[in-house]
A.B. asks: 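This is the structure, below, for whatever I ask next.
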Amino acid sequence: MAKKFKEHKTLDLAEVDKQMLAYWEANQVFKRSMEEREGAPSFVFFEGPPSANGKPGIHHVLARSIKDTFCRYQTMKGKLVRRKAGWDTHGLPIELAVEKKLGITKEDIGKKISVDEYNQECRKTVMMYQDLWNNLTTKMGYWVDLDEPYITYNNNYIESVWWLLNKLYKDNMLYKGYTIQPYSPAAGTGLSSHELNQPGCYQEVTDTTVTAQFKAKANDVLPEGAFFLAWTTTPWTLPSNTALTVGAKITYVLVRTFNQYTGEPIQVVLAKDLVKKQFTGKYKPVSEELTFEAYEHGQKKIPYQVEQEFLGADLVGIKYEQLLPYAQPYETPEQAFRVIAGNFVTTEDGTGIVHTAPTFGADDAFVAKAAGVPPMLVKNEDGDLVPLVDLQGKFRPEMGEFGGRYVKNEYYGKGDVPEKSTDVDLAIKLKIENKAFKVEKYKHNYPHCWRTDKPVLYYPLDSWFVRATAAKERMIELNKTINWKPRSTGEGRFGGWLENLQDWNLSRSRFWGIPLPIWRTEDGKQEKCIGSLADLQAEIDKANAALGLDQKMPKDLHRPYIDDVVLVSENGERMQRETDLIDVWFDSGSMPYAQWHYPFENKELIDNALNNVDGERAYPADFIAEGVDQTRGWFYTLHAIGTMCFDSVAYKAVVSNGLVLDKNGEKMSKSKGNAVDPFATISKYGADATRWYMLTNAQPWDNLKFNEEVLDETRRKLFGKLFNVYNFFAQYANVDEFDGYSLKGVPAKAAGEFIPVEDRLEIDRWIMSKLNTLVKAVDADFSNYEPTSAGRKVAEFVDSHLSNWYVRLNRHRFWKGERDANKLAAFQTLYQCLETLTKLMAPIAPFFSDFLYQSLNNATGMEKHESVHLAFFPTVAENVIDSDLEQRVDYAQRICSLVHSLRRRDSIRVRQPLQKILLPVLDAQFQKQVESVESLILSEVNVKELEYVLDASGLLSKQAKPNFKTLGRRLGKHMKAAKAAIENMSQQEILQLERTNAFKLEVDGATFDLTQEDVIISSDDIEGWTVAKDREITVALDVNISNDLYQEGLARELVNRIQTMRKDKNFEITDRITLIVEKQAVLQDTVQHFGDYICKEVLATNLEVVEALELGEKVELVDDVSVRLAIEKQ
RNA sequence: AGAGAUGUGGCCAAGAUGGUUAAGGCAUUUGACUGAUACUCAAAAGAUCGUAGGUUCGAUUCCUAUCAUCUCUACCA
């Protein structure tokens, strides 16, 4: 006796999830999916560590579904796929969370709370979210090794990162530099861009702005004494001005006018496009009433006139007098105070000439450096070079009367705020000195420190940099070898980013992160970069010996312990660690190496690949996937480190998925309340429906508009349907004791062998052909990282072909009485379809597929695998694919559909038999194809015969259309006329073309030889018939209902009503009945001719016709025909 | 501000390499099958493919411009 196929009541995907999770857990399926592939070729996957500072959202389900799908697929393809989970544990978000939780600020660390305690708190915070993430990982069916994750705060991880940093250091790729960063003087700390993007940081403020006049020195382009106009919203930076930047291609003009504050005649230079914006209000073009000669200071209108034009490039190099000569740049002052070119200059606002203060603007610093203009740095009391503003935000003593004043009034304490800000006083001074062209208030957004709520300064700070620009070309080259999904992200967003690459600022002045392993002597002249713990130990020993200390290796490599370590330089000086931490993005970009503690352990995993040696490999990744927001984040840092340290790509293929938006296309956010809870979604619809929906509703790289209704539809349509098909199968398979190869009483030809596909019915061969075509396509899609296409094809197969055609047409084969080879073939065919489908679906829908697989396989024991995820992906049986067969069934489906539409048009129900279908035949092949599915069509649409109509039967009028593809190139612009001519071809002419395969077409006086392929012929209409068309197929239906047909129709209606009554009365399927029908004239023939048929269909052993029936039910058969019926169980 | 992506019926969404009727699904309306099951199936209606130009015999598809939405990076006069 065969084992039973499990029959399931209703489909509860959430319940399936639970069952399968328990099963996987109990049987260690994930672990075994790797163990069983030991020794197989590796498929390398990197898990991007989630930053553990936030709760997982629905978009993480998308990203992880993508990752999981391809890892499962590759496992099924026989690859060994290791997936180490990882946690991004460092960085500001964690620190902020901790500070918020403890109610402290950065300054309190080391005072109110020890750094050790703080450190512990950070670790705890990370662990707190880990549980939630693990929970989601498990519930959504994401297989990743959670038992041995890499954690970026572990000493081993840090050691690997140090090793990488040291490698960069040795290659001269690390340097210390001075850059402009957001800085909060009130808090005394630099701010990361993350901090600036806290909500509420950008506030609208009103600043005093100055358009200053910079007096040009003698030159060949401008007249004596001309001024450059430059606008600033931060007048306090004007004393630090060392250059003016123009756009080389921008057109500038010289304008003659008067200074509105002093009344002095002036000539000023500004962008031509901005003259109208600048010369407003009092300024009027010179005219007869308004002349330069007649102008007097104080009068209402000030004349102006454009005198000359130049290109920005002409102005470059002109020197000008320093605007506010409080100090001179310490370095190369002779290079300062000249006009330079910069591509960031626009004519949107200001004057088209940009006041450039390299100490306080990132662009300024960049453009000045490129042009060799020095920043305004002066030597301080300690001999260090510093800007004119100190770290408290005060002007230095060099600033004379301004010395000691805060540059922004906001920095003063309550009560100390002066009446006029430095900006205002500077503006007044410039007005008096004929150096201010215009002073105005200006409203704009300006970043504020989230902690002190005071404006941020852009301020030069010491930072460590990775010389990424040195590897730029190589990064671009290697990027071209990466398979980006979608391609545009790799070429556009990422490629563009690489083209404009800047050096990577590594420094962060925080506590919770990987410390920069660089120690320096006090004068900064000697330094050491540590590349391993052994290295550090050796240096500590050396320092202990040289300096007489008793230092031990810190148990924890974080601050502050590491800061206490003092090393010694070659010539015996003390060295202190640079206090910076490194950018957390470097942490995550190091994961390919650090997750394995490379090169201190697992060295071969990476070296095998680098040296092209046989053996297991863990580098580079064959595949990674994250959100498109990681393009300049993780995707970049992986690529940069891979290129710089190993001259290799870090990943060969990358899928960057889009955002998950709400159903209206808006970004999800907690504040809008439109965020979707992944846990709720999964428990409501099941993980599989969620995954399937997210992967197939839109390409992963397009944004997904998350719509619950569509998600539910996925559940119903795909999983519900497949589940029903399975249940149908299981129910009858159990009755007939199907074991995969045999039925009760119908043994397999040979033990463990299927009936060869070629020996099965055509309809079986058809679905098998379809199935193999599907396998081929899905395999190709998965290997090309196209899950959407793969999933849609599977869904299409299940819906249109398997459930709606194959099962429907073959239902009777499963429940008919006799057991024979035909029935066995039906079971085997359906079994093979279902089993193959579980494997095709498994990568996307791991739970349901395994549930189904086990339900099938446990009964037959055909495969030894205990889970679909341990099985292998199906291989294509090319010999089973029969495209002719697929085509003719496609014809059958379409012809049936056309006939149905015709019946519908005349309101003739399918139970009413009809006599004839006419099918115009366009070629012999078509007729041959349709003939072999003729009986199928006739029974499906309940029609008696199908007649093929050959040409010229008189019924058919043919229509010719040009085939643009073949004619287009030949005819060119004669196409329009040719189209008309061809469409006007007579029946005779078309016939001639068909017979001789030649036709001379005359168009516009020219003659063209046409063959049949130049023309598309379709049959148009058939006189007197109802006709429907679907592309090349035309169908005509004889809708005349003869009396015989009518009677037969009534019989069928009668059967239907009786069946319904049986069902309503809960009779068993096998119950025999007596049928009593009230006598009626219209029904007399029906009962006479079709009585046997009726009895057979409804299992009636006798049929009584009585004059009047008291009991029973009155039912309507068709319009105007009702009858009273009764049935009784015998 | 720069870079990138997207814009096809009420909604979701196919449509590499220009060509004859622009898939399919949901929703809507109408009807139908069914003794496995099932809010299943079928039909009808609904789009000149963001807008404007251009190339071409012919453009949803190629080019240019423009608008809108979104993302990333930056915040600079």
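Predicted model, so just to flag it, every value in this text is computed and none were measured. To find a chain, count down the sequence lines: A is the first, B the second, and so on, and within it residues start at 1.
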A.B. asks: Considering only B:rA14, B:rA5, B:rU40, which nucleotide approaches the side chain of A:K721 most closely?
C.D. replies: B:rU40
A.B. asks: Using the side-chain heavy atoms of A:W497, tell me which of these nucleotides is nearest: B:rC12, B:rC70, B:rU73.
C.D. replies: B:rU73
A.B. asks: What integer distance in Å separates A:E499:CD from B:rG4:P?
C.D. replies: 11 Å
A.B. asks: Looking at B:rA36 and A:F728: do their rings stack (centroid distance under 5.5 Å, interplanar angle under 30°)?
C.D. replies: no
A.B. asks: Just compare B:rA36, B:rC72, B:rC26 and give me whichever is closest to any side-chain atom of A:D629.
C.D. replies: B:rC72
A.B. asks: Sort out the partner of B:rU48 for me: Watson-Crick or G-U wobble, both distances under 3.5 Å, none otherwise.
C.D. replies: none
A.B. asks: Rounded off to whole Å, could you give me the CE-to-P distance for the A:M975 and B:rU56 pair?
C.D. replies: 17 Å
A.B. asks: What about A:R493, does its side chain sit under 3.5 Å from the base of B:rU71 through a donor-acceptor pair?
C.D. replies: yes
A.B. asks: Using the six-membered ring wherever Trp is involved, compare the ring planes of A:F5 and A:F729 and label them parallel, tilted or perpendicular (cut-offs 30° and 60°).
C.D. replies: perpendicular
A.B. asks: Provide, to the nearest angstrom, the distance between the CG atom belonging to A:N963 and the C1' atom belonging to B:rG58.
C.D. replies: 13 Å
A.B. asks: Counting only Watson-Crick or G-U wobble pairs whose two distances fall under 3.5 Å, which nucleotide matches B:rC41?
C.D. replies: B:rG31
A.B. asks: Distance check needed: B:rG7 C1' versus A:L704 CG, whole Å only.
C.D. replies: 17 Å
A.B. asks: Quick check on RNA chain B: between A:T234 and A:A698, whose nearest nucleotide comes earlier from the 5' end?
C.D. replies: A:A698
A.B. asks: Whole angstroms only, please: what is the CZ-P distance between A:F494 and B:rA5?
C.D. replies: 15 Å
A.B. asks: Quick check for you: among B:rC41, B:rC70, B:rG25, whose closest atom lies nearest to any side-chain atom of A:E713?
C.D. replies: B:rG25
A.B. asks: Return the nucleotide paired to B:rG7: Watson-Crick means purine N1 to pyrimidine N3 with N6-O4 or O6-N4, wobble means G-U with N1-O2 and O6-N3, both under 3.5 Å.
C.D. replies: B:rC67
A.B. asks: Give a yes or no answer on whether the side chain of A:N784 reaches the backbone of A:A780 with a donor-acceptor pair at less than 3.5 Å.
C.D. replies: yes
A.B. asks: Let's see if you can work this out: which of B:rC12, B:rA5, B:rA36 has an atom nearest to the side-chain heavy atoms of A:R811?
C.D. replies: B:rA36
A.B. asks: Considering only side-chain heavy atoms of A:Y732, which listed nucleotide, B:rC41, B:rA36, B:rC57, is closest?
C.D. replies: B:rA36
A.B. asks: Whole-Å distance between B:rA23 P and A:D799 CG?
C.D. replies: 19 Å
A.B. asks: Report the nucleotide, chosen from B:rA13, B:rA36, B:rU40, that has the shortest atom-to-atom distance to any side-chain atom of A:R716.
C.D. replies: B:rU40
A.B. asks: Can you see which heavy atom on A:L802 is nearest to which on A:L830, and at what distance?
C.D. replies: CD1-CD1, 3.9 Å
A.B. asks: Among all residues two or more places apart in sequence or in another chain, which pass the salt bridge (charged side-chain N to carboxylate O under 4.0 Å, His left out) test with A:K793?
C.D. replies: A:D781
A.B. asks: Using atom CD of A:E491 as one end and atom P of B:rA3 as the other, report the distance to the nearest whole Å.
C.D. replies: 17 Å
A.B. asks: If you count the non-hydrogen atoms of other residues, nucleotides and ligands that lie under 6.0 Å from NZ in A:K979, is the total more than 12?
C.D. replies: no
A.B. asks: Expressed in whole Å, how much space separates the C1' atoms belonging to B:rG9 and B:rA1?
C.D. replies: 37 Å
A.B. asks: Looking only at the side chain of A:K965 (C-beta and beyond, no hydrogens), which of the listed nucleotides B:rG19, B:rA38, B:rA32 gets closest?
C.D. replies: B:rG19
A.B. asks: In whole Å, I'd like the distance from the CG atom of A:N707 to the P atom of B:rG10.
C.D. replies: 16 Å
A.B. asks: For A:E7, give me all partners under side chain to side chain contact (heavy atoms under 4.5 Å, CB included), at least two apart in sequence or on another chain.
C.D. replies: A:A730, A:Q731, A:N734
A.B. asks: In whole Å, measure the gap between the P atoms of B:rG54 and B:rU40 for me.
C.D. replies: 49 Å
A.B. asks: Expressed as a whole number of Å, how far does the C1' atom of B:rU29 sit from that of B:rA65?
C.D. replies: 43 Å
A.B. asks: With respect to the side chain of A:K976, which nucleotide from B:rA13, B:rC72, B:rC57 is positioned closest?
C.D. replies: B:rC57
A.B. asks: Closest to the A:K717 side chain: B:rU21, B:rA5, B:rC26?
C.D. replies: B:rC26
A.B. asks: Quote, to the nearest angstrom, the C1' distance that separates B:rU73 from B:rU51.
C.D. replies: 29 Å
A.B. asks: Provide the Watson-Crick or G-U wobble partner of B:rU73, both distances under 3.5 Å; none if there is no partner.
C.D. replies: B:rA1
A.B. asks: Is the ring centre of A:F360 less than 6.0 Å from the ring centre of A:W236?
C.D. replies: yes
A.B. asks: Now, which nucleotide makes the Watson-Crick or G-U wobble pair with B:rC57, with each of the two distances under 3.5 Å?
C.D. replies: B:rG19
A.B. asks: Here's a test of your reading of the structure: between A:N724 and A:E709, which maps to the more 5' nucleotide of RNA chain B?
C.D. replies: A:E709
A.B. asks: Under 3.5 Å for both donor-acceptor distances, Watson-Crick or wobble: does B:rA13 have a partner, and if so which one?
C.D. replies: none
